[in-house]
**Q** 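Mind looking over this structure? Questions follow.
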Amino acid sequence: MHDGQMRVRFAPSPTGPLHIGGARSALFNWLLAKASGGKFVLRVEDTDLERSSRESEEDIKNALRWLGLGWDEGIDVGGPHGPYRQTERLGIYREYTQKLLDSGKAYHCYCTDEELEEERRSLSEKHQMPRYMGKCRDLSEADEEKYREQGRKPAIRFRVPADQEVVVNDLVRGQVVFDSNGIGDFVIVKSDGVPTYNYAVAIDDALMKITHVVRGEEHLSNTPRQVLVYEGLGIQPPKFGHVSLILGKDRSKMSKRHGATSVEQYKKQGYLPSGLLNFLALLGWSHSGEQEIFTLDELVKIFSLDHAAKNPAVFDVDKLNWINAQHVRKLSDEALFEMALPHLLGSGLMLEGAHERSWLVKVVATARDHISYGAEIPKHVEIYFKDEFSFENEETEAVLREESAAGVLDLFEEKIKKAGELTAESVQALLKGLVKESGLPGKKVYMPVRVALSGQIHGPEMTLLIPLLGGQKILKRLEYVRGKLKG
RNA sequence: GGCCCCAUGGUCAAGCGGCUAAGACGUCGCCCUCUCAAGGCGAAAUCAGGGGUUCGAUUCCCCUUGGGGCUACCA
């Protein structure tokens with residue numbers, strides 16, 4: 001694995017947003033490139049004309065950029081082996097297809113969907129593997145002419161040699177052997193002239209001088225087809241490494257019903273790129289030390305395919321939350337604020353420009369150690385914004401109905417009025433004095449004040465809450481709550 | 001159905017013939033504490049089953065079971 005500069009690639013199909021599994025593949029490749037001083041190439045595999053879209057391509061690129069996984073070569077940035085969009089490389093594939101056709105390693109197939117469907121059905125009835133049996137393998141020129149006259153548009157199939165072992169030396173799985181007899185002649189160019197995945201991917205990886213193909217395990221079974229194409233073309237294949245799949249809680253492949261599956265959704269929920277990446281890195285890869293929290297730079301230093309796991313990994317949101325929380329804690333006040341702002345605005349807690357920025361920064365900072373991701377911020381700081389509130393429940397209200405409560409509040413108000421600047425220290429002193437003068441247990445003092453100020457029985461420390469609220473708001477809230485108790 | 005991959009606590013996982021089988025998340029308990037968290041300390045919890053190989057298997061081989069992937073003119 002430590003063999004000099006690597007040229008790796010991420011080659012998504014633009015058929016939807018960037019999936020969490022794709023993001024992990026991109027990360028692994030990116031890390032490999034950075035660690036070896038090599039190149040990370042971004043290629044777009046848009047040969048599925050029906051499902052591909054430019055919107056999805058943009059979404060994927062944006063997600064990659066947001067994650068900080070920039071590419072050295074590829075779409076948008078260019079490079080010596082472009083173009084990097086497969087539909088723009090049709091002429092290139094045609095050249096190789098002609099070679100294959102001329103040497104008899106590929107042939108035209110005029111079968112219709114119905115015919116193929118029928119073949120599959122009868123094979124599976126006989127409990128045989130449904131695969132193309134080679135009906136058009138040896139068509140004469142006259143046969144082909146006849147079909148063409150009928151207006152049939154041929155696909156091009158690769159002639160898979162019989163009785164051959166196709167060996168894949170996988171970087172994570174070791175040697176995997178396939179029997180060529182189990183692989184039917186597969187289509188390399190569809191009847192509309194567009195190559196299929198297994199064909200285009202092989203040619204592109206070779207032409208783009210990719211040294212290592214690291215991708216999800218779902219591609220392992222396709223690899224022998226690609227190896228066959230390389231053999232047919234007389235090209236040396238790249239090295240392959242198939243990383244285990246990411247599974248949902250029920251151990252099936254991650255899909256919508258498992259919750260958020262796209263990077264975009266995690267971004268929206270306010271996860272940090274560094275947190276998401278850290279979590280993804282630990283799915284299907286590990287290192288022998290005990291460290292769990294890594295920055296991207298640290299990962300570059302220690303990542304290697306040697307420690308890639310073979311067994312599939314279940315996506316555990318709890319762990320993601322914990323890891324992301326660790327990254328949140330390392331944020332500066334300013335960075336945390338930037339992250340919080342859209343969630344604050346979106347929650348309807350505040351309007352743009354309604355509060356002083358410096359105050360907001362401080363308020364948001366109080367949530368830092370208590371949240372896992374951005375969307376959790378509003379409910380943690382809500383208390384600073386709502387001067388009018390209802391009691392959380394009866395138990396909460398009961399705190400203020402207690403005999404000693406009214407006196408505590410009066411005394412508290414008096415002290416607030418007399419107090420100078422409210423800081424953590426001065427508030428601490430103020431409350432201590434309050435406890436002393438009232439002669440009550442601490443709890444009988446703190447709780448009424450807390451509830452009077454927020455309507456809740458729990459929340460941030462009073463030494464945090466009171467200075468941030470400030471004298472004016474406090475008096476306002478006291479008045480409000482007294483009115484509430486009477487009414 | 002065929003082919004391929006995989007198998008250590010609930011989850012991520014270390015382990016690479018001999019260990020009291022790491023660590024983390026989560027769970028539970030205790031401490032801290034005005035509350036909720038956070039934090040600190042501690043606990044419970046794993047080698048799928050069966051055969052081999054070996055002085056000795058979590059580790060190597062085979063079978064079974066279980067999970068997953070592929071089997072498209074999708075990627």
Side-chain angles (χ1 to χ4, degrees), chain A residues 11-15 45-48 50-52 86 109 111-113 116-117 120 123-132 153-157 168 170 172-174 176-179 181-184 186-198 200-201 216-225 242 244-245 247 249 251-253 279 282-293 307 309-323 325 329 367-371 380 399 431 435 441-451 454 456-462:
Chain A
S13 287
T15 56
E45 311 216 322
D46 57 348
T47 54
D48 184 340
E50 294 289 306
R51 296 194 303 149
S52 297
Q86 288 186 327
C109 168
C111 294
T112 62
D113 288 347
L116 294 171
E117 178 60 34
R120 268 195 293 272
L123 276 171
S124 84
E125 255 170 37
K126 283 182 263 175
H127 299 291
Q128 287 187 39
M129 171 149 97
R131 68 201 148 96
Y132 186 66
K153 283 237 164 80
I156 299 172
R157 285 183 186 272
V168 177
D170 196 272
V172 352
R173 269 146 230 285
V176 184
V177 182
F178 297 85
D179 179 357
N181 294 327
I183 305 169
F186 54 94
V187 172
I188 56 175
V189 180
K190 306 177 225 176
S191 54
D192 62 1
V194 179
T196 59
Y197 162 73
N198 281 122
V201 77
E217 199 205 304
E218 70 266 33
H219 291 289
L220 182 57
S221 303
N222 278 319
T223 308
R225 291 178 179 62
H242 290 92
S244 62
L245 255 25
L247 270 26
K249 262 243 169 320
R251 299 212 142 265
S252 68
K253 204 174 169 179
F279 173 68
L282 259 21
L283 273 189
W285 172 84
S286 67
H287 82 133
S288 28
E290 288 184 4
Q291 189 179 349
E292 300 269 342
I293 303 303
H307 292 91
K310 296 186 201 172
N311 48 323
V314 172
F315 189 95
D316 180 8
V317 184
D318 284 333
K319 182 121 187 194
L320 165 63
N321 286 343
W322 179 79
I323 288 177
R329 284 161 193 223
R368 184 191 279 108
D369 290 351
H370 308 275
I371 57 152
H380 274 272
V399 169
L431 288 171
V435 170
K443 197 165 182 166
K444 294 274 185 204
V445 170
Y446 281 90
M447 285 320 278
V449 172
R450 170 178 298 288
V451 173
S454 69
Q456 293 183 358
I457 210 160
H458 49 73
E461 287 169 31
M462 302 303 285

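In what follows, chains carry the letters A, B, and so on, assigned in the order in which the sequence lines appear, proteins first and then strands, with residues in each chain numbered from 1.
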**Q** Contact class for A:Arg368 vs. all strands (heavy atom < 4.0 Å): base, sugar-phosphate, or nothing?
**A** nothing
**Q** Looking only at atom P, what distance separates B:G18 and B:A24, rounded to whole Å?
**A** 24 Å
**Q** Ion pair present between A:Glu217 and A:Lys253, side-chain N to carboxylate O less than 4.0 angstrom?
**A** no
**Q** Give one of base, sugar-phosphate or nothing for A:Thr47, where a contact means two heavy atoms less than 4.0 Å apart.
**A** sugar-phosphate
**Q** Regarding A:Ala313, tell me which of base, sugar-phosphate or nothing describes its non-hydrogen contacts under 4.0 Å with the strands shown.
**A** sugar-phosphate
**Q** Using OP1 and OP2 only, check whether a side-chain N or O of A:Lys190 sits under 4.0 Å from B:C74.
**A** yes
**Q** How are the rings of A:His370 and A:His380 set relative to one another: parallel (under 30°), tilted (30 to 60°) or perpendicular (over 60°)?
**A** parallel
**Q** Would you indicate what A:Gly182 reaches in the nucleic acid, counting non-hydrogen atoms under 4.0 angstrom: base, sugar-phosphate, or nothing?
**A** nothing
**Q** So if I take every side-chain heavy atom of A:Ser286 and compare against B:A13, B:A22, B:C25, which nucleotide ends up nearest?
**A** B:A13
**Q** Take atom CZ of A:Arg450 and atom P of B:C34, then tell me their distance rounded to the nearest Å.
**A** 11 Å
**Q** Distance between the C1' atoms of B:A37 and B:U46, in whole angstroms?
**A** 31 Å
**Q** Please classify the nucleic acid contact of A:Gly284 as base, sugar-phosphate, or nothing, using heavy-atom distances under 4.0 Å.
**A** sugar-phosphate
